Engineer: 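Here you go, one structure.
Please read these numbers as outputs of a predicted model, since none were measured by experiment. Chain identifiers are assigned alphabetically (A, B, ...) following the order of the sequence lines, protein sequences preceding nucleic acid strands; residue numbering begins at 1 within each chain.
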Amino acid sequence: MKTARSIMLLALVLVLASFAGSNKYFVITAEDVAFKVPDGFPKPVYDFSSNHPSPEVFILGRKLFYDPILSRDSTISCASCHQRLFAFGHIDHALSHGINGLIGTRNVPPLQNLAWNPAFMWDGGVNHIEMQPLSPLTNPLEMGETLSHILLKLRQNEHYRKDFQAAWHDTVINTERMLKALAQFTGLMISCNSRYDKYIRGADTFSAIEKNGLAFFRQKCATCHTEPLFTNNAYRNNGIRPDTALNDSGRGRITGTMSDNYMFKVPGLRNVERTYPYMHDGRIRNLRSVLDHYADPNQFDTRASPEMRRIGVLSKDQKDALYAFLLTLTDKEFIYDKRFIDPFIDTVK
Amino acid sequence: MNRPTHSIFAMATLVVAMLLSHTVVAGGRLVIDITNRVGPQVLSLDSGSYTNALAQPYTVSMFKYYIGKIALREKNGSEVRSEAYYLVNESEPASKTIVLEHVPIGDYTGISFFTGVDSADNCSGAQDGALDPLNAMFWAWNTGYIFLKLEGRAPASRSSGHLLEYHIGGYREPHNCIRHIALRFKKSLPVVEGGTAHVHLNADVAAVLSGKERIDFAQLSSVTDFHNATTIADNYATMWSVSTEK
């Protein structure tokens, strides 16, 4: 009884504590949104000087990201598919779910370190972070809206009129500003504080198995999943066979070049523990099964990229070590970062 | 570019003004009028009926395209260029007149421009004005502007509703559909201080369908991605003609 009571008390204290701190994420300072290149990261692709971070633009971007008003029937927001606690991916959904319960054709990728992406989507079809939202906004299987109707809804909404005014100091609400606000918010989703990062910076230690895992990873996986972003930003075939129902030709659909068929963008693996299921169509349910796939070269599709041959057969110990290493890529500071919390849960506007 | 109103205009003006090499003068004004045609006839949306080079009848319901980076060639070989893009849309008469202010005074022998949107401008993120994706000249899933849209109907078309639908764009090789057009004036065109000079451009729908390769509506009634796009682009590269007579 006594323990039960103290647990309840503790729970109460925690709840109160979280309330006390809960408003903090609405106070966003210039320091909070300053863009800094993390130690060891390359130069970003996105030029923030063309979209200078400011608390007001960031807050507007966050609101847009979480607001279902952007979808045709006001049911789906960006965050419906891109959920904060899963590094802005969507766990347990192989293919995306849009308005009216419509199922899309691809797995929702996590959103992180986008400022370093030269291209977006599994096929790299989108060439700029600012243009990326146009695809979900207008895709009939996702948010199904038109730009003109979205702008109309924003212009009619007094809160958005205030937010745009605060961000740009005049009354103009247009596509460019909406896209820049979203890009500023998503562009600042930066994961750089996983245990791996801290280990590299000498601020944390790895167990023996994690160290082995990192060594195997560098030997077998890093040609494609290159540190520190865990992608070489190339399009490759990792040996999974085309799904005959979806028949997704990947990069080939974008470039119209036969040799690009069935190639997909090498995904960055940060927070991979939390982004299941895996691959462009979400076909692999868990991380151990991903390693089983890589462990068995005989199962690779004939189109597998040449780097796949370097992996060879993986033993159970090697798989365990790789698994232990991949878990070090989880970045709790990013996942629980208060700046990214849904602004609607706490405001009555 | 945060101010949307007149920004294109302002930008064009600015760039031309910046290109002034000598003393800062107001320069002259150049008015470019565009007439969309089908062969010898002036294009008439929906009501006009036309026949292509293969004697297949058709009508046109939409004709819009980008032109940009208009440059004028001076007699001495130098060039003045504006960086702006314009969306010419047959159903919006005002879009068929382009005015360039502060054109440096000079004697010009020709005009050049892009039909389409230069590759750098396809890759530079959110833009306002003519390049606002709101104009429905944009592909979201494979980022890039649609350079030209020609839609209509033809009995020979096997698409549903006998539709014709040519949406042409793409800036990557080998499916690059940007076409640079350079036209010479018959007679050189003087731009004088404070004066207004006129250029008349004609864009011929018939050439879009047969300029280099004759499009058979029964074979190709729809182009909406890179498949066959450059065929149409090579055609529209031939659609232009110019005159400087009033």
Side-chain angles (χ1 to χ4, degrees), chain A residues 45-47 50-52 57 105-106 118-143 146-152 164 167-184 187 251-257 260, chain B residues 1-8 10-11 84-85 87 89 91-92 116-146 167-178 223-233:
Chain A
V45 173
Y46 187 51
D47 179 9
S50 68
N51 185 10
H52 191 71
V57 176
T105 57
R106 288 195 180 143
F120 300 84
M121 308 310 209
W122 286 100
D123 54 22
V126 173
N127 70 13
H128 198 288
I129 187 173
E130 291 171 5
M131 299 319 241
Q132 193 286 328
L134 296 171
S135 178
L137 290 172
T138 58
N139 185 330
L141 299 181
E142 295 186 331
M143 298 166 89
T146 62
L147 277 178
S148 52
H149 196 226
I150 292 169
L151 291 174
L152 183 75
F164 275 81
W168 280 284
H169 315 295
D170 66 37
T171 57
V172 174
I173 296 182
N174 63 15
T175 325
E176 184 184 5
R177 289 179 175 189
M178 175 180 76
L179 296 177
K180 288 209 149 134
L182 279 166
Q184 191 164 119
R251 185 69 182 158
R253 174 166 167 260
I254 300 302
T255 61
T257 305
D260 286 337
Chain B
M1 259 220 300
N2 283 336
R3 281 147 300 272
T5 33
H6 308 302
S7 59
I8 294 287
M11 192 166 75
Y85 285 94
L87 179 57
N89 185 350
S91 67
E92 281 174 33
V117 177
D118 196 2
S119 70
D121 296 298
N122 272 285
C123 304
S124 49
Q127 297 179 71
D128 192 28
L131 296 181
D132 187 334
L134 189 61
N135 294 320
M137 293 293 276
F138 188 81
W139 280 311
W141 60 277
N142 189 357
T143 310
Y145 290 94
I146 299 171
H167 294 181
I168 313 302
Y171 61 92
R172 291 190 189 93
E173 296 301 341
H175 305 286
N176 187 341
C177 291
I178 305 163
V223 179
T224 54
D225 61 14
F226 53 79
H227 294 99
N228 303 303
T230 53
T231 306
I232 310 270

Engineer: Hey, could you give me the CG/OG1 distance between B/L131 and A/T175, rounded to the nearest 0.5 Å?
Structural biologist: 11.5 Å

Engineer: Heavy-atom pairs under 4.5 Å with chain B: which of A/M131, A/M121, A/M178, A/Q132 has the most?
Structural biologist: A/M131

Engineer: Do any of residues 133-141 of chain A have a heavy atom less than 4.5 Å from a heavy atom of chain B, and if so, which, in residue order?
Structural biologist: A/L134, A/S135, A/T138

Engineer: List the steps, then state whether side chain to side chain contact (heavy atoms under 4.5 Å, CB included) holds for B/F226 with A/I254.
Structural biologist: CA-CA 9 Å; B/F226 53 79; A/I254 300 302; over 6 Å; no

Engineer: CG/A/N174 to CG/B/D132 distance, rounded to the nearest 0.5 angstrom?
Structural biologist: 6.5 Å

Engineer: Could you tell me which residues in residues 117-125 of chain B have at least one non-hydrogen atom under 4.5 Å from a non-hydrogen atom of chain A, sorted by residue number?
Structural biologist: B/N122, B/C123, B/S124, B/G125

Engineer: Any pair with a residue in residues 168-178 of chain B that passes side-chain hydrogen bond (donor to acceptor under 3.5 Å, both in side chains), sequence neighbours left out, goes on the list, sorted by first then second residue, please.
Structural biologist: A/N127-B/Y171, B/N142-B/R172, B/E173-B/N176

Engineer: With a 4.5 angstrom heavy-atom cut-off, is it the side chain or the backbone of A/I129 that approaches chain B, or both, or neither?
Structural biologist: neither

Engineer: Sort by residue number and list every member of residues 133-140 of chain B having a non-hydrogen atom under 4.5 Å from chain A.
Structural biologist: B/P133, B/L134, B/F138, B/A140

